[in-house]
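Encoded as structure tokens, the structure appears first; notes follow it.
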Number of protein chains: 2
Amino acid sequence: MISTIDAVLLRILDNQLQVLLWQRPAESEVFASHWALPGGWVYEDTDQTLEEATCRILENKVGLTPDYIEQVVTVGNNHRDPRGWSTTVLHLALIRTSISSITHSDTQWVNVENVLERRLLLPFDHALLLETALERLSTKARYSTLPLYLAEHELKLPELQRIYEIVLGNPLHKRAFRERILSANVLTDTGVRIQGRGSPATIYRYAPSCPVMLFDRMMQGAQTDLSD
Amino acid sequence: MISTIDAVLLRILDNQLQVLLWQRPAESEVFASHWALPGGWVYEDTDQTLEEATCRILENKVGLTPDYIEQVVTVGNNHRDPRGWSTTVLHLALIRTSISSITHSDTQWVNVENVLERRLLLPFDHALLLETALERLSTKARYSTLPLYLAEHELKLPELQRIYEIVLGNPLHKRAFRERILSANVLTDTGVRIQGRGSPATIYRYAPSCPVMLFDRMMQGAQTDLSD
DNA sequence: TCAATAGTGTCTCTAAGACACTATGAA
DNA sequence: TTCATAGTGTCTTAGAGACACTATTGA
């Protein structure tokens, strides 16, 4: 049995979700040189656990250490790989933009839209895997602080709201959003105020190791098109 | 690599959650004749998908076809099986009591408490797997109609409330519970009223194939000890 | 001065929680 | 008649959604 690990590693750039793709080696038996989700085999001799294997693959093949990794689902069947029965453990990984750029040369960040709208075709069932991981992210964004892992350690609330809106695909109410996030008690006011185009914004900080906090209501988002 | 599927199959009897255990063969290399979670290998020649393999294993080894099966997590590491690296895809399965009894002779239903309180020791990491599956069930019970799959197709609302309370481990408010469940529109009033000790209860019916409906608030349960 | 941005005040609405109440029928 | 059980009425509460408002500062 072919047994692999795949990762959907996401970041936010220019108000868009981007996924990291990895170029399959030119000597691959199938889909040679195609751009795919980064993945690899478990090395039973050196990896103690699946989690360890996932970290190793991301560090070695891609060169990144994401702030957050979560197992999404395991897909196994006899048609996803032309070579025969194949199983993959799919992971969702999030990284903040500021540390996302130093990757290996056989990788590139692409807007997820390009894959979703079939402008960029991925091998195997990787498009479906991407969709599954994105669905997990947007579902959790409705009731948790998970998208915080896409933000910098020091951030402005409007920035974080924008991240949520990108992940959810719809606008949010500024008032409700602020109350919600601040009530989770993961952000501390640094006291710094940053001046931009308008009124100065408060800079908050979150602990890199802070847990994902859960709310007990889902956010629906705004019906109207106003986010402020 | 040893790659298996395991299932936590649950039912409710006598106001208790029960899990189905399966006796490992006497000739097993490890944990021979021990009671364990039912599981088995994927047969790449005959199983088309992981889901198919899961159903086959439950039908062949146990003799049951659960109403609901969901993948929970995949656990892989080098210490869960004394023989070496081992991966298992854990599933949560629910079955209604009335069809749960005709099982193979090398199986038995036991109260989950016996495992959780270490009165009954399971081999490998099966106790941990059981806890993981139970946590998934109780988490989902807080915001979905999932526990309906533990109930009969025709049921009284107080019965269903009791099932939720067993799964959640705490009492619920009758008023809020009724509104919630009925608002999900999965139950239809059969018009039948059943008389028991007290006032006659309305019999509702759910479609065997009805989807798990999600609420957008979590149920907290009652602080006080009243459920009616 | 004006436009863009951050942030607050406050009203409504919905569903959960709290609790008392009525209705029914077996023991 | 009593009491266990099913089911309803209605108030409170918390938080999301709606929307208007003030405050600050760069262009």
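Each chain gets a letter, A, B and so on, in the order its sequence line appears, and its residues count up from 1.
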For B:Ala176, does its backbone N or O pair with a side-chain atom of B:Arg178 as donor and acceptor, under 3.5 Å? no
Counting only side-chain heavy atoms from C-beta out, which of D:dG7, D:dT25, C:dG7 sits nearest to A:Ala201? C:dG7
Do A:Thr88 and A:Asp6 get their side chains close enough for a donor-acceptor pair, meaning under 3.5 Å? yes
Rounded distance (Å) that lies between atom P of D:dG17 and atom CG of A:Leu168: 11 Å
All heavy atoms of B:Asn111 vs all of B:Gln18, minimum pair found to be OD1-NE2, 2.9 Å
Whether A:Gln195 contacts D:dT24 is assessed here as follows: a side-chain N or O lying under 4.0 Å from the phosphate OP1 or OP2. Is that the case? no
Write down the distance between NZ (B:Lys174) and C1' (D:dT10), rounded to a whole number of angstrom. 15 Å
With a 3.5 Å distance limit and no angle check, can you tell me whether A:Thr145 reaches the backbone of A:Met213 through a side-chain donor-acceptor pair? yes
Looking only at side-chain atoms of B:Ser199, point me to the closest of C:dA23, D:dA14, D:dG26. C:dA23
Of B:Pro158 and A:Arg180, the one whose closest DNA chain D nucleotide lies more 5': B:Pro158
Rounded to whole Å, how long is the line connecting atom CZ of A:Phe177 with atom C1' of C:dA6? 14 Å
Output yes when at least one side-chain N/O atom of A:Gln220 is less than 4.0 Å from OP1 or OP2 of D:dG17, else no. no
Euclidean distance, atom OH of residue A:Tyr204 to atom C1' of C:dA6 [Å, nearest integer]: 10 Å
Could you check how far CZ of A:Arg142 sits from P of D:dG15, rounded to whole Å? 18 Å
Is A:Arg175 side chain donor-acceptor paired with the C:dG9 base, going by distance under 3.5 Å alone? yes
Atom pair distance, as rounded to whole Å: CD in A:Glu179 and C1' in C:dT10: 11 Å
What is the distance, to the nearest angstrom, from the OH atom on B:Tyr164 to the C1' atom on C:dA16? 15 Å
A:Phe215 six-ring face occupied by A:Arg180 cation (under 6.0 Å, within 45°): yes
If I take atom CZ in residue A:Arg178 and atom C1' in nucleotide D:dA16, what distance separates them, rounded to the nearest angstrom? 16 Å
Would you classify B:Thr202 as touching base, sugar-phosphate or nothing, given that sugar-phosphate means primed atoms plus P, OP1 and OP2, and contacts are heavy atoms under 4.0 Å? sugar-phosphate
Any idea which of C:dA6, D:dA16, C:dT24 is nearest the A:Ala176 side chain? D:dA16
Classify A:Arg193 by what it touches in the nucleic acid, base, sugar-phosphate, or nothing, heavy-atom distance under 4.0 Å. nothing
Would you mind telling me which of D:dC19, C:dA3, C:dA27 lies closest to the side-chain atoms of A:Arg197? C:dA3
